[in-house]
Undergrad: 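The structure follows.
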Amino acid sequence: MSTVRLAFVCLGNICRSPTAEAVMRHLVAQAGLADRITVESAGLGDWHVGGPRDSRSQKVGRKRGVVLEGVARQFVSEDFERFDYVLAMDRQNQAGLLALAPDAAARAKVHLLRAFDPAAPPDAEVPDPYYGGPQGFDEVFDICHAACAGLLEQVRRDHGLG
């Protein structure tokens with residue numbers, strides 16, 4: 001029984017990708033698949049490495065019963081070997097990941113997260129809430145929830161997880 005590994009990636013790994021990680025981990029646990037699907041997040045930049053999740057993201061998660069834990073880390077080229085899906089929060093992150101990918105197989109693992117939300121327009125992005133008000137963090141949570149629900153269904157289909 002193999003494990004499916006997912007990595008969510010944004011720029012700094014303190015707002016969007018940790019929110020998606022926490023939401024996906026919550027959905028995976030609810031589906032009883034925590035032993036079959038592992039979830040992590042990372043950032044393309046290194047300036048927040050070792051730091052906590054943004055307190056505003058944590059607050060929104062707590063309000064909705066989803067805990068954002070862990071510390072920021074940087075996504076590196078070698079991570080492509082560990083993950084089956086590498087999920088970019090926006091097109092800039094996607095371009096950075098594609099540039100970092102060592103080969104075509106690694107590039108094929110890179111997807112925009114919102115591509116898994118059937119209600120999202122083509123090439124839709126998860127907006128960065130960092131410089132906005134608190135409503136942006138609620139919006140990001142809702143966007144991540146919709147996209148992660150679709151992603152979970154796709155992973156279940158792709159890997160026969162019923």
Side-chain angles (χ1 to χ4, degrees), residues 4-28 37-49 51-61 63-64 66 68-77 79-80 82-102 104-158:
V4 181
R5 294 180 258 341
L6 313 175
F8 295 93
V9 182
C10 67
L11 200 54
N13 193 218
I14 60 170
C15 299
R16 295 175 291 171
S17 60
T19 297
E21 173 191 3
V23 166
M24 189 65 170
R25 187 173 283 126
H26 182 76
L27 293 172
V28 165
I37 301 172
T38 62
V39 184
E40 295 182 35
S41 66
L44 286 170
D46 64 357
W47 52 91
H48 294 295
V49 169
R53 305 315 189 186
D54 187 285
S55 61
R56 298 165 293 179
S57 292
Q58 290 184 40
K59 181 178 179 182
V60 168
K63 181 172 70 175
R64 299 184 188 213
V66 175
L68 275 73
E69 54 193 10
V71 296
R73 76 171 194 85
Q74 186 174 19
F75 192 90
V76 294
S77 182
D79 283 329
F80 283 104
R82 295 192 316 115
F83 294 104
D84 302 298
Y85 297 80
V86 179
L87 301 136
M89 298 298 111
D90 63 31
R91 289 185 295 278
Q92 178 185 354
N93 304 147
Q94 183 183 36
L97 287 164
L98 292 171
L100 188 62
R107 286 189 292 280
K109 296 178 180 185
V110 177
H111 309 274
L112 280 172
L113 174 60
R114 290 195 68 193
F116 296 94
D117 177 356
D123 294 325
E125 301 177 306
V126 179
D128 190 345
Y130 189 78
Y131 293 107
Q135 74 282 356
F137 291 85
D138 281 304
E139 178 187 13
V140 164
F141 189 98
D142 292 339
I143 287 169
C144 287
H145 193 277
C148 286
L151 174 61
L152 179 57
E153 289 310 308
Q154 185 68 47
V155 168
R156 290 175 90 151
R157 280 192 301 275
D158 289 352

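Computed from a prediction, not measured in an experiment: that's the story for all the values here.
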Undergrad: If you measure from CG on L6 to CG on L151, what distance do you get to the nearest 0.5 Å?
TA: 5.5 Å
Undergrad: Can you name the nearest heavy-atom pair linking F137 to V60, along with the distance?
TA: CB-CG2, 3.7 Å
Undergrad: For P102 and F80, which heavy atoms make the closest approach, and how far apart are they?
TA: CD-CD1, 3.7 Å
Undergrad: Could you state the interatomic distance from CD1 (I143) to OG1 (T19), rounded to the nearest 0.5 Å?
TA: 11.0 Å
Undergrad: Mind checking the NE2-CD spacing from H48 to Q74? Nearest 0.5 Å is all I need.
TA: 11.5 Å
Undergrad: Could you tell me which non-hydrogen atom of P52 sits nearest to which non-hydrogen atom of I14, and how far apart they are?
TA: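 Taking every non-hydrogen atom into account, O-CG2, 3.5 Å.
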Undergrad: If I take atom CZ from residue R53 and atom CG from residue N13, how far apart are they, to the nearest 0.5 angstrom?
TA: 4.5 Å
Undergrad: Within the supplied structure, the quantity of interest is the number of heavy atoms (other residues, nucleotides, ligands) at a distance under 6.0 Å from K59 NZ; does it exceed 12?
TA: no
Undergrad: What's the spacing between L87 CG and M89 CE if we round to 0.5 Å?
TA: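 Result: 6.0 Å between the selected atoms.
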Undergrad: Nearest heavy-atom pair of G12 and A72: which atoms, and what distance?
TA: O-CB, 3.8 Å
Undergrad: Determine the interplanar angle of the Y85 and H111 rings, folded into 0 to 90°, and report it as parallel if under 30°, tilted if 30 to 60°, perpendicular if over 60°.
TA: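 Tilted: the ring planes of Y85 and H111 meet at 30° to 60°.
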Undergrad: Within 45° of the ring axis of Y130 and under 6.0 Å from its six-membered ring centre, is that where the NZ or CZ of R56 lies?
TA: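 Flagged: R56 positioned over aromatic ring of Y130.
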Undergrad: Given side chain to side chain donor-acceptor pair (under 3.5 Å), test Q154 with R157 step by step and report yes or no.
TA: CA-CA 5 Å; Q154 185 68 47; R157 280 192 301 275; 2.9 Å; yes
Undergrad: For L112 versus A124, what's the shortest heavy-atom pair and its separation?
TA: CD1-O, 4.1 Å
Undergrad: Within a strict 4.5 Å, meaning less than it, do heavy atoms of the D128 and C10 side chains meet?
TA: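 Of all side-chain heavy-atom pairs linking C10 with D128, none is under 4.5 Å.
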Undergrad: Name the residue from E21, R25, R16 that meets the side-chain hydrogen bond (donor to acceptor under 3.5 Å, both in side chains) definition with S41.
TA: E21
Undergrad: Within the 4.5 Å heavy-atom criterion, are R73 and E40 side-chain neighbours or not?
TA: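 Sidechains of E40 and R73: in contact.
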Undergrad: Does the pair D79 and R5 meet the rule for a salt bridge (charged side-chain N to carboxylate O under 4.0 Å, His left out), with working shown?
TA: CA-CA 11 Å; D79 283 329; R5 294 180 258 341; over 6 Å; no
Undergrad: Between L113 and C144, which heavy-atom pair has the shortest distance, and what is it?
TA: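 Closest heavy-atom pair between L113 and C144: CD2-SG, 4.3 Å.
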Undergrad: Would you check, one step at a time, whether the test side chain to side chain contact (heavy atoms under 4.5 Å, CB included) holds for L97 with K109?
TA: CA-CA 10 Å; L97 287 164; K109 296 178 180 185; over 6 Å; no
Undergrad: Under a 4.5 Å cut-off applied to non-hydrogen side-chain atoms, are L152 and I37 in contact?
TA: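 Result yes, sub-4.5 Å side-chain heavy-atom pair found.
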Undergrad: Find the distance between CG (D158) and CG (D84) and round it off to the nearest 0.5 Å.
TA: 10.0 Å
